[in-house]
Amino acid sequence: MFVVMVADATEADIIGVKSHILAEGMTPYEHRGAERLVVAVVGEIGSRRNHLLERLGGLPGVERVTPISKPYKLTSREFRPEDTVIRVLDAVIGDGSLTIMAGPCSVESREQLLETAEGVKAAGATILRGGAFKPRTSPYSFQGLGVEALRYLAEARELTGLPVITEVMESNQLDIVAEYADIVQIGTRNMQNFSLLNACGRTQRPVMLKRGYGATIEEWLMAAEYILASGNPNVILCERGIRTFETATRNTMDVSAMPVLDTLTHLPVVADPSHATGKRSLVPPLAMASVAAGADGIMVEVHPRPEEALSDGPQQLTLQMFRDMMAKLTPLHRLVASDRRAAAPA
Ligand code: PEP
Ligand code: MN
């Protein structure tokens with residue numbers, strides 16, 4: 001439930017409400033909106049719902065207490081109507097600009113990463129991606145360079161100024177990944193790894209949570225809720241395709257996730273057409289579709305020589321393809337952004 005405070009609530013009123021919530025064994029989370037302060041009551045409310053509604057509703061400074069129908073709370077637009085905007089170095093995610101995360105599937109060598117980083121930066125990428133710890137279907141496939149790759153990512157950041165994002169696969173890797181990376185990524189296979197979600201909630205780094213390939217949008221938002229509830233409000237959602245009966249593509253990109261999430265959550269949403277399609281020829285059209293559907297950004301895999309790639313070769317764009325895609329995406333985004341501004345309430 002949410003406790004909506006009156007516009008002129010005092011700090012003492014707010015502290016009073018929070019202390020009551022704590023005394024009931026729940027956790028208060030506040031959001032200071034443009035007009036009102038809202039305190040979310042998070043915890044196992046169960047049969048105490050009516051008691052709490054009455055108790056909190058009678059406290060000084062409280063305008064009303066509203067039960068929330070949705071199982072996710074902190075991620076919901078009801079709690080925070082304004083978009084979450086995340087800043088990392090010079091990159092801003094969720095402010096209406098188009099975030100472009102690009103780089104190889106895996107960091108394979110220092111030279112491969114630096115060449116890709118300079119190429120994607122020159123073409124307009126705002127964040128560099130690259131896998132260090134790789135989740136691979138086969139134990140006999142390339143598993144990533146690990147910490148060596150993290151060092152190359154840090155060097156690429158020094159060289160280009162681009163913030164870097166890389167995946168963390170388990171909680172005991174989080175400290176080292178967060179030491180080098182600017183954004184930590186949780187992959188599709190770990191979307192419901194609740195101990196990893198909680199650990200990421202305690203890190204200072206923004207987290208990009210990829211959609212589980214078999215997860216509904218509600219399950220995905222519940223997973224994000226774990227990260228927010230453990231203390232980290234800076235979460236980016238990434239639609240990367242879901243498994244369906246279709247075999248023409250690696251996964252099926254759920255383009256409707258973009259406008260659906262825009263109504264349900266304040267968190268920014270990035271689309272990954274590389275893992276969604278598995279085929280490089282399909283990446284530019286799906287990137288365009290995602291931007292048209294309102295994505296805050298795109299994550300794409302780019303390799304200077306995809307035919308030599310140690311992972312996901314068929315879906316990685318060449319640098320030339322990336323440049324060509326960017327030349328189309330930029331004007332499309334301008335059009336979409338001006339349309340959104342025109343539709344926004346004054
Ligand atoms: C990745 O982005 O490197 C990756 C492995 O993606 P996913 O978790 O979506 O398969
Ligand atoms: Mn990949």
Side-chain angles (χ1 to χ4, degrees), residues 99-108 112-113 116 120 125 127-139 141-146 149-150 152-153 163-170 173 177 180-193 196-197 200 206-215 217 219-220 223-224 227 235-244 249-254 257 269-280 282-283 286-287 290 295 297-318 321-322:
T99 296
I100 304 287
M101 304 179 175
C105 176
S106 301
V107 177
E108 299 168 1
Q112 171 246 17
L113 183 67
T116 316
V120 297
I127 296 177
L128 176 67
R129 68 147 282 143
F133 297 98
K134 294 301 300 175
R136 302 308 301 279
T137 302
S138 165
S141 300
F142 177 61
Q143 304 285 311
L145 294 181
L150 297 177
Y152 299 150
L153 284 166
V164 299
I165 176 167
T166 196
E167 178 167 352
V168 58
M169 290 208 302
E170 29 185 301
Q173 289 166 350
V177 170
Y180 286 95
D182 302 290
I183 306 174
V184 300
Q185 175 173 320
I186 299 180
T188 191
R189 296 159 187 82
N190 268 321
M191 190 205 81
Q192 283 187 319
N193 180 337
L196 182 61
L197 296 172
C200 286
V207 176
M208 187 166 88
L209 178 65
K210 295 191 100 177
R211 180 178 186 174
Y213 55 76
I217 288 175
E219 287 163 342
W220 187 14
I227 305 173
V235 175
I236 305 156
L237 299 169
C238 177
E239 164 63 45
R240 49 79 69 205
I242 49 177
R243 190 164 279 185
T244 67
T249 47
R250 185 175 175 183
N251 293 283
T252 298
M253 169 74 104
D254 182 5
V269 185
V270 163
D272 169 358
S274 303
H275 292 91
T277 63
K279 289 185 183 147
R280 74 173 64 81
L282 300 178
V283 170
L286 267 295
S290 304
I298 297 293
M299 168 177 266
V300 286
E301 291 188 337
V302 182
H303 194 293
R305 289 163 294 282
E307 65 288 355
E308 293 172 14
L310 298 180
S311 60
D312 286 349
Q315 71 193 32
Q316 303 210 52
L317 299 180
T318 61
M321 283 186 82
F322 179 67

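Order of appearance sets the numbers: ligands from 1, and atoms from 1 within every ligand.
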**Q** Could you work out, for atom 4 (C) of ligand 1, the closest of M299, M169, H275, R189 by heavy-atom distance?
**A**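 Heavy atom nearest to atom 4 (C) of ligand 1 belongs to H275.
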**Q** Would you check if there is a donor-acceptor pair between the side chains of T249 and T277 at a distance under 3.5 Å?
**A**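 Not at all, the side chains of T277 and T249 share no donor-acceptor pair under 3.5 Å.
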**Q** Working to the nearest 0.5 Å, report the span between CG of L153 and CD1 of I165.
**A**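 With rounding to 0.5 Å, CG (L153) is 10.5 Å from CD1 (I165).
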**Q** Report yes or no: does R129 have a heavy atom closer than 4.0 Å to ligand 1?
**A**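 True for this residue.
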**Q** What protein heavy atom sits nearest atom 5 (C) of ligand 1, and how far away is it?
**A**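 I find the closest protein heavy atom is E167 OE1, 3.7 Å.
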**Q** Taking only heavy atoms of R240 into account, list the atoms of ligand 1 that are under 4.0 Å away from them.
**A**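 Checking each atom against R240, I get 7 (P), 9 (O), 10 (O).
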**Q** Do any N/O atoms on D272 end up under 3.5 angstrom from N/O atoms on ligand 1?
**A**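 No, since none of the N or O atoms of D272 sits under 3.5 Å from an N or O of ligand 1.
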**Q** H303 and D312: side-chain donor and acceptor closer than 3.5 Å?
**A**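 Not at all, the side chains of H303 and D312 share no donor-acceptor pair under 3.5 Å.
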**Q** Among D272, T188, N190, which residue satisfies the side-chain hydrogen bond (donor to acceptor under 3.5 Å, both in side chains) criterion with K210?
**A**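 With K210 as partner, D272, T188, N190 yield a single side-chain hydrogen bond (donor to acceptor under 3.5 Å, both in side chains), made by D272.
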**Q** What I want to check is whether the side chains of R280 and Q316 have a donor and an acceptor closer together than 3.5 Å.
**A**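 The criterion, which ignores hydrogens and geometry beyond distance, is not satisfied for Q316 and R280.
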**Q** Nearest N/O/S atom of E301 with respect to the Mn ion (ligand 2), by atom name, please.
**A**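 Of all N, O or S atoms in E301, the Mn ion (ligand 2) lies closest to OE2.
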**Q** Between K210 and ligand 1, does any nitrogen or oxygen pair lie at a separation below 3.5 Å?
**A**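 Yes, since at least one N or O of K210 sits under 3.5 Å from an N or O of ligand 1.
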**Q** Considering the heavy atoms of G187, write down every atom of ligand 1 situated less than 4.0 Å from one of them.
**A**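 What qualifies from ligand 1 is 8 (O).
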**Q** Could you grab the angle centred on the Mn ion (ligand 2), going from SG in C105 to NE2 in H275, to 10°?
**A**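 Output for this angle: 170°, rounded to tens.
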**Q** What is the nearest protein non-hydrogen atom to atom 8 (O) of ligand 1, stated with its residue, atom name and distance?
**A**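 Its nearest protein heavy-atom neighbour is T188 N, 2.8 Å.
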**Q** Numbering the atoms of ligand 1 from 1, which are under 4.0 Å from a heavy atom of K134?
**A**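 Answer for ligand 1: 3 (O).
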**Q** So which N/O/S atom does D312 have closest to the Mn ion (ligand 2)?
**A**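 Relative to the Mn ion (ligand 2), the closest nitrogen, oxygen or sulfur of D312 carries the name OD2.
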**Q** Kindly determine whether Q143 and R136 satisfy side-chain hydrogen bond (donor to acceptor under 3.5 Å, both in side chains), including the steps that lead there.
**A** CA-CA 7 Å; Q143 304 285 311; R136 302 308 301 279; over 6 Å; no
**Q** Hey, could you give me the CZ/CD distance between R129 and Q185, rounded to the nearest 0.5 Å?
**A**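 R129 atom CZ to Q185 atom CD measures 5.5 Å (nearest 0.5 Å).
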**Q** Is the shortest side-chain heavy-atom distance between F133 and L150 below 4.5 Å?
**A**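 F133 reaches L150 side chain to side chain.
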